Structure formats: structure tokens, C-alpha cells
Amino acid sequence: MSSITERLGALRSEIAAHCEQHSIERIPTLIAVSKTKPNEDLIEAYEAGQRDFGENYPNELKVKAAELSKLCPEIRFHFIGSIQKKNINSIIKAPNLVGIQTLASMEIIENVDKRLTSSVNVMLQCNTSGEENKGGFLEEEDLFRAAEFVKNESKFMKLEGLMTIGSVENSKKAAEENVPNADFTKLRELQQKVAERLKISPDDLSLSMGMSTDYLAAIEQGASVIRVGSKIFGARNVTK
Ligand SMILES: *Cc1c(COP(=O)(O)O)cnc(C)c1O
């Protein structure tokens with residue numbers, strides 16, 4: 001089996017070539033999703049030049065960040081898991097945390113906001129597929145209100161953009177039928193609408209979309225941030 005270093009190198013080349021082929025000038029930020037993976041794996045990726053890492057579990061983030069902030073001083077953590085009131089502190093107090101991508105309700109936003117003591121980039125998670133088991137804003141008005149709060153009222157939150165996970169079905173359909181992924185299309189529409197509401201340029205809102213199975217499609221549809229895990233670190237042990 002190839003190493004993390006090799007897979008990361010191959011992935012970067014593939015992304016760069018894909019951007020060139022589709023005349024995309026800004027290569028998206030690659031977040032290496034390292035949930036359930038041991039610190040040695042993150043260190044290997046870091047030594048291969050990777051700086052942005054995504055973690056899903058508050059306690060795991062807290063433990064990993066405490067150690068890795070010393071060993072890998074330039075590491076940047078992005079929280080991409082579901083947030084509950086009781087674990088907000090584990091997330092926001094993690095050293096080297098730069099972003100939270102999964103703010104999905106006004107209640108959690110207000111709770112996070114109250115406890116912040118330094119700046120953090122935030123993304124609003126959108127439930128573009130409408131699946132019941134997916135987190136994220138479902139109603140546009142709720143999303144707009146959250147965006148307005150973050151932009152105009154929060155002292156420490158910097159509105160970075162919008163994030164979606166999307167459904168497996170939409171991802172498969174897009175690949176099989178060679179059509180745009182409906183979830184990614186939807187997130188772009190929301191980017192336009194939120195920008196309009198906030199009176200900013202849509203370009204000022206990043207889009208975090210695309211994972212191991214569909215990051216190339218996401219790039220074609222305008223992703224500014226992609227979140228890739230298993231393709232870099234190998235399959236995860238599901239019985240976490
Ligand atoms: C686990 C996870 C990923 C990465 O998934 P892979 O399929 O391993 O690339 C991306 N985004 C979120 C929100 C995740 O939970």
C-alpha cells in the first residue's frame with residue numbers, strides 16, 4: 001500500500017491538473033480529514049506539507065490539538081463535526097483551531113459566540129439534500145438570519161462561507177449520469193442569496209463541499225474548500 005505522503009502528493013497533483021483542465025484559477029484549500037486517525041498519521045501529512053486538518057469529534061480534537069500544536073506549530077484545525085452545547089468548550093479551546101464549519105442552528109451559534117475569546121472563521125452548514133439525518137440549515141430565512149448575526153453582531157466570528165455534506169444519492173447520480181451534483185448546485189445558489197442579503201460579493205463566501213468520492217466534481221462546481229479523508233489516510237475503522 002502507498003504511504004500517506006504518496007497519496008497526498010498524488011492528490012495534490014490530480015487537483016492541480018483538474019483545475020488547469022477546467023480553467024479554474026484558484027486551487028481550492030484541501031482539508032485533510034483526520035478523524036479517528038492517530039497523531040503519527042497527521043504528523044506524516046504535516047511533514048509532507050499539509051497544514052489544514054479537519055476533525056469531527058470534540059474530545060478527539062482537544063486531545064490531538066494539545067499534542068500536535070507543539071509538534072506541528074503551523075497546523076490548522078477545522079472542526080467539521082456536529083456540535084452540542086456540552087462540548088462547545090472542547091472545540092473552541094483547542095489550540096490551533098482556525099475554523100468551525102458546522103454551525104447549524106442559531107442556538108448553537110449564540111452559545112459558541114458567547115464563549116469565544118478570540119477570532120475564528122465560521123461556516124454555516126446547509127442541509128442541501130433535505131435528509132432528516134443530516135445537520136444544517138434547512139430553511140433559507142434561518143440561514144439568512146444566522147449569516148446576518150455572524151456578520152453584523154458577532155465580535156469574534158468571521159463569516160467564511162457555507163458548507164454542505166450532501167447526499168450519497170446525489171453524489172452517485174452526478175457521477176453515473178455525468179450531471180452536476182444537485183447539492184453542490186444548491187449550495188452555490190445559497191451563496192448567491194446569502195451574499196445578496198448581506199450586500200457582499202458571493203466571492204467573499206467560500207464553499208466547503210466535496211469529499212473523497214466527489215471532490216473533483218465539487219471543484220468543477222466551484223468548491224473553495226474540499227474535505228478529503230479516506231483518500232489520504234485510508235479507510236476508517238467504523239467502530240470508533
Ligand atoms: C468524514 C468527513 C469527511 C471526509 O470523508 P471521506 O469520505 O473520508 O473523504 C468530510 N466531511 C465531513 C463533514 C466528514 O464528516
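In this text, all values refer to a predicted model and were calculated from it rather than measured experimentally. Order of listing sets the numbers, starting from 1, for every ligand and every atom in it. Just so you know, these numbers use all the heavy atoms, side chains as well, and skip hydrogens, waters and symmetry mates.
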Heavy-atom nearest neighbour in the protein, as seen from [atom], with distance rounded to 0.1 Å:
atom	answer
atom 14 (C) of ligand 1	Lys35 NZ, 3.0 Å
atom 10 (C) of ligand 1	Met211 SD, 3.2 Å
atom 11 (N) of ligand 1	Arg227 NE, 2.8 Å
atom 9 (O) of ligand 1	Ser212 OG, 2.5 Å

Please say whether Arg236 places an N or O atom under 3.5 Å from an N or O atom belonging to ligand 1.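 Checking ligand 1 against Arg236, an N or O pair does fall under 3.5 Å apart.
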Under 4.0 Å between a side-chain nitrogen and a carboxylate oxygen: does that hold for Arg7 and Glu14? no
Inspect the contact between Glu177 and Lys173 and indicate whether a charged nitrogen and a carboxylate oxygen are less than 4.0 angstrom apart. yes
May I ask you to check whether Ser208 and Arg227 show a side-chain donor-acceptor distance below 3.5 Å? yes
Between Ile80 and ligand 1, which residue portion shows a heavy-atom distance shorter than 4.0 Å: side chain, backbone, both, or neither? both
Look up atom SG in Cys126 and atom CE in Met209, then write down how far apart they are to the nearest 0.5 Å. 11.0 Å
Using 0.5 Å steps for rounding, measure from the CG atom of Leu124 to the OG1 atom of Thr102. 10.5 Å
Taking the six-membered ring of Tyr46 as reference, does the cationic atom of Arg51 (NZ for Lys, CZ for Arg) lie under 6.0 Å from its centre and within 45° of its axis? yes
Within ligand 1, which atoms have a heavy atom of [X] less than 4.0 Å away?
X	answer
Met163	13 (C)
Val228	9 (O)
Asn56	14 (C), 15 (O)
Gly229	4 (C), 6 (P), 8 (O), 9 (O)

Taking side chain to side chain contact (heavy atoms under 4.5 Å, CB included) as the definition, give me every residue that meets it alongside Ser105, ordered by chain and number, with sequence neighbours left out.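 With sequence neighbours excluded, Ser105 shows a side chain to side chain contact (heavy atoms under 4.5 Å, CB included) to Glu107, Ile108, given in chain and number order.
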Lys231 near ligand 1 by a heavy-atom separation under 4.0 Å: no
Quickly, which of His78, Lys64, Lys62 forms a side-chain hydrogen bond (donor to acceptor under 3.5 Å, both in side chains) with Glu55? Name it, please.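 With Glu55 as partner, His78, Lys64, Lys62 yield a single side-chain hydrogen bond (donor to acceptor under 3.5 Å, both in side chains), made by Lys64.
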